[in-house]
Enquirer: 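After the structure tokens below, expect a handful of questions from me.
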Amino acid sequence: MAHVANLREAVAGLVRDGDSVALEGFTHLIPTAAAHEIVRQGRRDLTLIRMTPDLIYDQMIGVGCARKLVFSWGGNPGVGSLHRFRDAVENGWPQPLEIEEHSHAGMANRYVAGASGLPFAVLRGYVGTDLPKVTPTIAPIECPFTGEELMAVPALRPDVAIIHAQQADGRGNVAVWGISGIQKEAVLSARRAIVTVEEVVEELAPHPFQIVLPAVAIDAIAVEPHGAHPSYADGYYDRDNAFYEAWDAIARDRGMFRSWMDEHVLGTENFGEYLRSVRAEGMVSK
Amino acid sequence: MAHVANLREAVAGLVRDGDSVALEGFTHLIPTAAAHEIVRQGRRDLTLIRMTPDLIYDQMIGVGCARKLVFSWGGNPGVGSLHRFRDAVENGWPQPLEIEEHSHAGMANRYVAGASGLPFAVLRGYVGTDLPKVTPTIAPIECPFTGEELMAVPALRPDVAIIHAQQADGRGNVAVWGISGIQKEAVLSARRAIVTVEEVVEELAPHPFQIVLPAVAIDAIAVEPHGAHPSYADGYYDRDNAFYEAWDAIARDRGMFRSWMDEHVLGTENFGEYLRSVRAEGMVSK
Amino acid sequence: MTTHGEKAGAAASYTADEMMTVAASRELADGAVCFVGIGLPSEAANLARATHAPGCVLIYESGTVGAKPDVLPLSIGDGVLAEHADSVVSVPEIFNYWLQAGRVDVGFLGAAQVDRFGNINTTVVGPYESPKVRLPGAGGAPEIAASAREVIIMLRHKRRAFVEELSFVTSVGHGTGGNHRAELGYTGAGPTVLITDLGVLRPDPETGELTLVALHPGATVEQAREATGWNLKVADDPGSTDPPTEGELQVLRDLKARTEAARRGTST
Amino acid sequence: MTTHGEKAGAAASYTADEMMTVAASRELADGAVCFVGIGLPSEAANLARATHAPGCVLIYESGTVGAKPDVLPLSIGDGVLAEHADSVVSVPEIFNYWLQAGRVDVGFLGAAQVDRFGNINTTVVGPYESPKVRLPGAGGAPEIAASAREVIIMLRHKRRAFVEELSFVTSVGHGTGGNHRAELGYTGAGPTVLITDLGVLRPDPETGELTLVALHPGATVEQAREATGWNLKVADDPGSTDPPTEGELQVLRDLKARTEAARRGTST
């Protein structure tokens, strides 16, 4: 059952070295505050799971949190490459990164299977591509009624799922509106779930295309205003596009990356300080 | 793409003798107006699909529209038996009714598979029950990764799905709020879809737990105020509980059933007249 | 209508149905996630929520999670279930993401017939192809019985309901007994209690056979045997159910009175 | 920056990229349901919606159906996609209920590399285990290429992008040509057109090999051959693309100017 905690406690209590961790978000509501806290607490050997690894996974990979990445599209959305991700895959820096690669449809259905308590999901896809050659977690399966051959993928059951949402109510129910991506399935597929929110309100109001995750599905809620920076939170703030563009240069160089992380993430106590620190450099639009 | 039609035209154009037809609703937003129109137009040999066949399927079975019923729970919700359904199964009156029987979880997943363009769905269930002995559309399937045995059920692909919703907007997008049951999957699993609505509004406003079915998924929309009677439409009217209770006595007797249908459904031109007709007998609470 | 009531703090007078509902409500622990069937289970679960288990999370198969109805729902998809719910989700989600995924602690079921191993029939009486009575069917019960961590069954004690052999196994309890349920691959414990209007039955830990372990005040072992279609196993020293307290009974009667007013359908 | 423009009604001056976007936008029929990739495809699809195809239904993999962005989305899950959308659904729904179910008429894709049969690589350049360039990966492309009724690809004509052999087949076009795509069990037609900044390629109806069937104004067959890593097949009498009209160009430039203003990030 959800309880409102501070993020440091939530991460300390629920994210362990060696865990498989899914910090989800489909370019909206990226859980940056939580990712930074994992970096600050120096977690190691994580299996990072995500459909769309972006800046926060670039950061976690670059500082050496990750042993493995399970994913379907890794990039700086709207800008280009993830240089830390590429450096890990292409050059094994700072350490080798095992990868398990799927398509979006495959990853989405793996979460659905996990959230459904099933060992696998079935989809039309992968046939004729090179993905089954490099990804062992893809296998053919036959329809017992029609004989048709389809593809199966195993369920994802992360040890921990972490998402950022707009609001929680007083009972610990969590509201996400606008684009909600794979957030619901990520939370429900995981053994433990942490949600950071923009704010806690007494009662949730209806918003367009809102989903509500009941309190009983969540282990800890932490209030982290602007916690999805540099992505956006529908109803709260816009994407900090300048930051995404600036990240390209920061992440391109190992030294520059390290000193940036040291200054803004490892050198700050919490996400509020991080925001002040990057704002001082004019990197937060709003 | 959705166009606003009248219900008579929509049923005439989209529901054919011999079709498989899913009129869905999980005790909320039952598409009664559409069911009556099918009765008035004298459709025959229908395969009726529904998780929770209730009064409207009792009526359709009782007047002889149906050849077969695919279902998981058939009753007068909160009251008791469906006497016309029972008479058809127990005594073959007015004609034999073939049945294909699943659990709710099985039916729900059959719709999901249909909506997903897959030939089958997988679930945990049925094992050790007598359902697989009497229902051929249940088959074991093995997980290609773990070797675990689960059950498969074939997709439902109704020729026509019909639901009742609260609102459509000017573009033909349809809003359902409150309990939305299996309505989305029923519409998306079907080859053709008809939606009756309480009203057309210029722009949809957010409501708690609302889903929006895009216009492109719907073939015809017809405005039928109070069209879910005797069930309820969240935000519009309550359940007419007296009607559900009265139906028990009406449906228990073949003759009484027939004369009731003759008077209120077959003897009226449209749903507005039906409402006036039953109101005259004090059978609509509101 | 039989009435009872002797103990201190106990209600002066109550019906056997009230005793059954109260006894069932006491089985629900506070904070438990409970998948609730309509009718008696819904009555007992809401009594529990209004008394000792305010933190229980009631799930109905229509898709409501954390339902908090102020009157008893007239149907499984009643509007009162959605009104103050924590969330409302689709029917596939409630069965897949909540029940099948193992998020439900307690499944609360009624039945038409039950056998000595807590298997349930809600499909037909008589042969399937030419039934004597066609019942509503499976609904959500098979998967509730399969996937909830434990199952509570409520059923009025009658010989035609407590049968030697079910016409149809709709939902699996302890199967043919012993290890059978686990051998079928079910991870949940199955029926851990059957509450009737006469007493309380629990499965024998070895054989899985339902055993009368407690009698409600005024009920006798002979009554229970007579109302059971198999040779009923009775605990060596069956206990006695505490009668409803004044508080329990007041809350239950208020709930039913509000429900009856709503059922008459004059509210808007 | 090369500029063109001679025909009556045609724009006085435009870039090769603008020609490419305009040519691609013309491929989208009004009313079509189009699954749109980010970048060039999104630009072309929104140009189509703002010109000749106001009734097209744009789907983005983030879950927006009937998106009507007034500026080009900066990312696949940009807020402008949800703002005026007909509906926003979850990512599993968009892939299962919309794409896989066959509700998408046109898939609109970019690529890192393409081969003569319209197969696409967005995974790696070089060996998979030790890549020269690690690309972003599959994303939604494999299933878009698989399940859309037809696929439009946009890619700037460059020798390192138009390759004899892909390092990795991420998404299937016409496979190894001929009937191969159908033999793989795909029902959609696959890539029906590849729009470049030099011209238009369409698959040979027999072999499935991409054939240069039209050149944009000013471009030559030689340029196209030089920018293609395989021995490019050219139609006997390649046509000439109509240059952008003033209207098309105005709408495109306005769209891009609004987008650039938003990208600078001063809006709230």
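Chain identifiers are assigned alphabetically (A, B, ...) following the order of the sequence lines, protein sequences preceding nucleic acid strands; residue numbering begins at 1 within each chain. Model, not experiment: these values are computed from the prediction.
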Enquirer: Does a donor on one side chain and an acceptor on the other come within less than 3.5 Å for S103(A) and E143(D)?
Expert: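 The answer is yes; a qualifying pair exists.
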Enquirer: Among S72(A), G78(A), A108(A), which residue has the highest count of heavy-atom pairs closer than 4.5 Å to chain D?
Expert: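 Top count of heavy-atom pairs under 4.5 Å with chain D: S72(A).
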Enquirer: Below 4.5 Å from any heavy atom of chain D, which atoms of Y244(A) appear? Answer side chain, backbone, both or neither.
Expert: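 Answer is neither: Y244(A) stays 4.5 Å or more from chain D.
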Enquirer: Less than 4.5 Å to any heavy atom of chain A: does that hold for the side chain of P142(D), its backbone, both, or neither?
Expert: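 Looking at P142(D), just its side chain touches chain A.
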Enquirer: Specify which of A105(A), P208(A), G178(A), P77(A) makes the most heavy-atom pairs with chain D at under 4.5 Å.
Expert: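 Looking at each option in turn, the highest pair count goes to A105(A).
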Enquirer: Any donor-acceptor pair under 3.5 Å linking the side chain of N46(D) with the backbone of S42(D)?
Expert: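 Looks like yes, one N/O pair under 3.5 Å.
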Enquirer: Determine whether a donor-acceptor pair (N or O, by modelled atom type, separation under 3.5 Å) exists between the side chain of S189(A) and the backbone of A115(A).
Expert: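 No, the answer is negative, given that no donor and acceptor are paired below the 3.5 Å cut-off.
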Enquirer: Check the angle between the aromatic planes of F257(A) and W93(A) and answer parallel, tilted or perpendicular using the 30° and 60° thresholds.
Expert: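 Taking W93(A) first and then F257(A), their aromatic rings stand perpendicular (interplane angle over 60°).
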Enquirer: When heavy-atom pairs shorter than 4.5 Å are enumerated against chain A, which of P73(D), A82(D), S75(D) gives the highest number?
Expert: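 Option with the greatest count: S75(D).
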Enquirer: Distance-only, no hydrogens or angles: does the R239(A) side chain make a donor-acceptor pair with backbone N or O of Y232(A) under 3.5 Å?
Expert: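 Such a contact is absent between R239(A) side chain and Y232(A) backbone.
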Enquirer: What part of E149(A) gets closer than 4.5 Å to chain D, counting heavy atoms only: side chain, backbone, both or neither?
Expert: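 Nothing of E149(A), per the 4.5 Å heavy-atom cut-off to chain D.
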Enquirer: Does any heavy atom of chain A fall under 4.5 Å from the side chain of E93(D), the backbone, both, or neither of them?
Expert: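 No part of it gets close to chain A.
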Enquirer: If you measure from CD on E18(D) to CG on D197(D), what distance do you get to the nearest 0.5 Å?
Expert: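 These two atoms lie 12.5 Å from each other.
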Enquirer: With distance as the sole test, does W73(A) use its side chain to make a donor-acceptor pair with the main-chain N or O of G140(D) at under 3.5 Å?
Expert: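 No.
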Enquirer: Less than 3.5 Å apart, any donor N or O on the side chain of T135(A) or E100(A) sitting next to an acceptor on the other?
Expert: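 No donor-acceptor contact under 3.5 Å links the two side chains.
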Enquirer: Using non-hydrogen atoms only, which part of Y111(A) is less than 4.5 Å away from chain D: side chain, backbone, both, or neither?
Expert: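 Answer is neither: Y111(A) stays 4.5 Å or more from chain D.
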Enquirer: Side chain, backbone, both or neither: which part of S130(D) has a non-hydrogen atom closer than 4.5 Å to chain A?
Expert: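 Looking at S130(D), nothing touches chain A.
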Enquirer: Relative to chain A, which of V169(D), V91(D), I76(D) shows the most heavy atom pairs under 4.5 Å?
Expert: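 Answer, by heavy-atom pair count under 4.5 Å with chain A: V169(D).
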Enquirer: Tell me, side chain or backbone of F26(A) under 4.5 Å from chain D's heavy atoms, or both, or neither?
Expert: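 Both backbone and side chain.
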Enquirer: Within the distance-only criterion (no hydrogens, no angle test), does the side chain of T27(A) pair as donor or acceptor with the backbone N or O of G77(D) below 3.5 angstrom?
Expert: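 Yes: the side chain of T27(A) pairs with the backbone of G77(D).
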Enquirer: Residue by residue, scan residues 173-195 of chain D and write down, ordered by number, those that have a heavy-atom distance under 4.5 Å to chain A; if none do, write 'none'.
Expert: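 Within residues 173-195 of chain D, the residues that come under 4.5 Å of chain A (heavy atoms only) are L184(D), Y186(D).
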Enquirer: May I ask you to decide if F85(A)'s main-chain N or O and R134(D)'s side chain share a donor-acceptor pair within less than 3.5 Å?
Expert: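 Not at all, since once roles are kept as given, no pair shorter than 3.5 Å links the two residues.
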Enquirer: How long is the straight-line distance from CD of E83(D) back to CD1 of I179(A), given to the nearest 0.5 Å?
Expert: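 So the gap between those two atoms works out to 10.5 Å.
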Enquirer: With respect to chain D, which residue among T52(A), V112(A), L123(A), N91(A) yields the maximal number of heavy-atom pairs within a distance under 4.5 Å?
Expert: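 Most heavy-atom pairs under 4.5 Å with chain D: L123(A).
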Enquirer: Checking M51(A) against chain D: side chain, backbone, both or neither under 4.5 Å from a heavy atom?
Expert: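 The side chain, not the backbone.
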Enquirer: How about residues 112-123 of chain D versus chain A: which residues have heavy atoms under 4.5 Å apart?
Expert: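 Under the 4.5 Å heavy-atom cut-off, T123(D) qualify.
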Enquirer: Just by distance, no angles: are the side chains of Y126(A) and H102(A) close enough, under 3.5 Å, to form a donor-acceptor pair?
Expert: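 The answer is yes; a qualifying pair exists.
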Enquirer: If you count heavy-atom pairs under 4.5 Å with chain A, which of N96(D), T64(D), L166(D) comes out on top?
Expert: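 So the answer, after comparing N96(D), T64(D), L166(D), is N96(D).
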Enquirer: With no hydrogens and no angle check, just 3.5 Å: does a side-chain donor-acceptor pair link S81(A) and R86(A)?
Expert: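 Side chains of S81(A) and R86(A): pair found under 3.5 Å.
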Enquirer: Is it the case that H164(A) and E198(A) place a side-chain donor and acceptor less than 3.5 Å from each other?
Expert: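 Yes, a side-chain donor-acceptor pair sits under 3.5 Å.
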Enquirer: Using a cut-off of under 4.5 Å on heavy-atom pairs, state which of V134(A), N76(A), L131(A), I182(A) scores highest against chain D.
Expert: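 Of the options given, most contacts go to V134(A).
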Enquirer: Are any side-chain N or O atoms of K132(D) and backbone N or O atoms of V125(D), one a donor and one an acceptor, separated by less than 3.5 Å?
Expert: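 Flag not set: sc K132(D) to bb V125(D) has no pair under 3.5 Å.
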Enquirer: Can you tell me which of I144(D), V133(D), T170(D), V89(D) forms the most heavy-atom pairs within a distance under 4.5 Å of chain A?
Expert: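 Top option by heavy-atom pairs under 4.5 Å: V133(D).
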Enquirer: As an exercise: rank P136(D), G79(D), A145(D) by heavy-atom pairs under 4.5 Å with chain A and give me the winner.
Expert: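 Of P136(D), G79(D), A145(D), P136(D) has the most heavy-atom pairs under 4.5 Å with chain A.
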Enquirer: Give the member of I94(D), L74(D), V172(D) that has the highest number of heavy-atom pairs under 4.5 Å with chain A.
Expert: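 The residue among I94(D), L74(D), V172(D) with the greatest pair count is L74(D).
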Enquirer: Whether the side chain of D87(A) engages the backbone of H83(A) through a donor-acceptor N/O pair (distance < 3.5 Å, no angle test) should be reported.
Expert: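 No, because the side chain of D87(A) does not come within donor-acceptor range (under 3.5 Å) of the backbone of H83(A).
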Enquirer: What residue, out of G106(A), G181(A), S180(A), has the most heavy-atom pairs lying under 4.5 Å from chain D?
Expert: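 Most heavy-atom pairs under 4.5 Å with chain D: G181(A).
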Enquirer: Report yes or no: does E209(D) contribute a side-chain atom to a donor-acceptor pair with the main-chain N or O of P203(D) at less than 3.5 Å?
Expert: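 Not a single qualifying donor-acceptor pair exists.
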Enquirer: Heavy-atom cut-off 4.5 Å, strictly under: side chain, backbone, both or neither for I38(D) against chain A?
Expert: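 The answer is neither part of I38(D).
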Enquirer: Are Y128(D) and F168(D) an aromatic pair by the rule of ring centers under 6.0 Å?
Expert: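 Between Y128(D) and F168(D), the centre distance is under 6.0 Å.
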Enquirer: Hey, can you tell me if F95(D) and F35(D) have their rings parallel, tilted or perpendicular (30° and 60° cut-offs)?
Expert: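 F95(D) vs F35(D) ring planes: tilted.
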Enquirer: Looking at S231(A), G125(A), G25(A), G128(A), which has the largest count of heavy-atom pairs under 4.5 Å with chain D?
Expert: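 If we count pairs closer than 4.5 Å to chain D, G128(A) comes out on top.
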Enquirer: Look at the rings of F243(A) and W247(A) and say which category their plane angle falls in: under 30° parallel, 30 to 60° tilted, over 60° perpendicular.
Expert: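 F243(A) and W247(A): parallel rings.
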